[in-house]
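The chains referred to below are lettered A, B, ... by the order of the sequence lines, with proteins before strands, and numbering in each begins at 1.
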Amino acid sequence: NAGVTQTPKFQVLKTGQSMTLQCAQDMNHNSMYWYRQDPGMGLRLIYYSASEGTTDKGEVPNGYNVSRLNKREFSLRLESAAPSQTSVYFCASSDDGNQPQHFGDGTRLSIL
Amino acid sequence: DQQVKQNSPSLSVQEGRISILNCDYTNSMFDYFLWYKKYPAEGPTFLISISSIKDKNEDGRFTVFLNKSAKHLSLHIVPSQPGDSAVYFCAAYAGAGGGADGLTFGKGTHLIIQP
């Protein structure tokens, strides 16, 4: 009963380093999403993929890139990490936009 | 500019009583609304949703009410139980053509159920 799996769960980076956050879902969902959550804030959409082979920017895409590797996997890449990207990152999936999204347990990322 | 607002950062309710969490929105394009529950160090868990064509949806102890004219929705939990202590997020979806195909979240309300 995995649902949405995110790896790693925790990571510490130095400014300027690069990193890829991995996400996989086993619910055969078409749409996948990346959000970030900062203290005292709600989740904000970084990028989404409405279907395999497509990706689009969300509210806060700057400094990130994504890849929809196949229907199951959607990765988020930080090319040159900055302290402002310290956050908790959540991946989610859904059948389509008008259906509940199911979330992973998050990746806690600290950039020094 | 916050499109989804949860104006109460925290709410304390006695066990067995009703908990009422409120949410206001500004974007008229929102047509689907959801409530999520979140425990520390876990991802948000879907609780209940409502389409803009309805004004009420019930699921066990949870009921969501939507007032479109006021751009307001609320989540009622009756009776409140200790396991309900969590952060509750209100979220909205604008649908095709309404913007990014993702959810817009409020900042959350921390519900504390007192024994």
Side-chain angles (χ1 to χ4, degrees), chain A residues 1-7 9-10 21 23 25 27 29-51 54-61 64 66 68 74 76 88-108, chain B residues 1-10 21 23-25 27 29-54 57 59 62 64 86-110:
Chain A
N1 191 23
V4 178
T5 303
Q6 292 184 235
T7 55
K9 294 191 185 305
F10 304 92
L21 280 60
C23 175
Q25 53 94 6
M27 295 172 282
H29 285 163
N30 291 317
S31 302
M32 297 187 74
Y33 311 83
W34 277 105
Y35 294 87
R36 62 177 286 174
Q37 186 189 15
D38 300 304
M41 301 286 289
L43 283 71
R44 290 182 293 168
L45 183 66
I46 305 172
Y47 270 93
Y48 67 98
S49 171
S51 61
T54 68
T55 61
D56 283 288
K57 295 178 181 179
E59 179 186 354
V60 288
Y64 305 96
V66 290
R68 183 74 182 268
F74 188 38
L76 178 72
V88 182
Y89 292 85
F90 290 101
C91 178
S93 70
S94 68
D95 273 333
D96 61 44
N98 205 23
Q99 295 293 322
Q101 294 181 15
H102 300 266
F103 286 82
D105 282 339
T107 294
R108 284 145 189 82
Chain B
D1 181 30
Q2 258 192 292
Q3 297 187 63
V4 177
K5 299 178 185 178
Q6 294 178 256
N7 291 321
S8 299
S10 66
L21 293 88
C23 178
D24 297 295
Y25 63 95
N27 188 344
M29 298 292 288
F30 289 144
D31 60 4
Y32 182 58
F33 303 89
L34 308 91
W35 285 94
Y36 282 84
K37 177 179 179 179
K38 187 181 181 304
Y39 293 119
E42 294 184 10
T45 301
F46 170 70
L47 205 54
I48 192 168
S49 63
I50 188 166
S51 164
S52 61
I53 62 173
K54 295 186 174 181
N57 189 26
D59 184 0
F62 303 93
V64 56
V87 176
Y88 288 79
F89 290 100
C90 173
Y93 174 70
D101 191 22
L103 297 175
T104 301
F105 282 83
K107 291 186 178 181
T109 296
H110 186 194

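- For residues 44-54 of chain B, heavy-atom neighbours of chain A at less than 4.5 Å comprise B:Pro44, B:Phe46, sorted by residue number.
- Neither the backbone nor the side chain of B:Ala91 comes within contact range of chain A, judged by heavy atoms closer than 4.5 Å.
- Taking chain B as the reference chain and counting heavy-atom pairs below 4.5 Å, the highest number among A:Asp105, A:Val4, A:Val88 is found for A:Asp105.
- There is no contact between A:Gln6 and chain B, counting heavy-atom distances below 4.5 Å.
- Neither the backbone nor the side chain of A:Arg44 comes within less than 4.5 Å of any heavy atom of chain B.
- Nearest heavy-atom pair across A:Pro100 and B:Tyr36 is C-OH, 3.9 Å.
- Using a 4.5 Å cut-off on side-chain heavy atoms (C-beta onward), B:Lys38 and A:Phe90 make contact.
- The OH atom of B:Tyr32 sits 5.5 Å away from atom CD of A:Gln99, with the distance rounded to the nearest 0.5 Å.
- Note that the CD atom of A:Gln101 and the OH atom of B:Tyr93 stand 9.0 Å from one another [nearest 0.5 Å].
- Distance check: A:Glu59 CD to B:Leu103 CG gives 12.0 Å after rounding to the nearest 0.5 Å.
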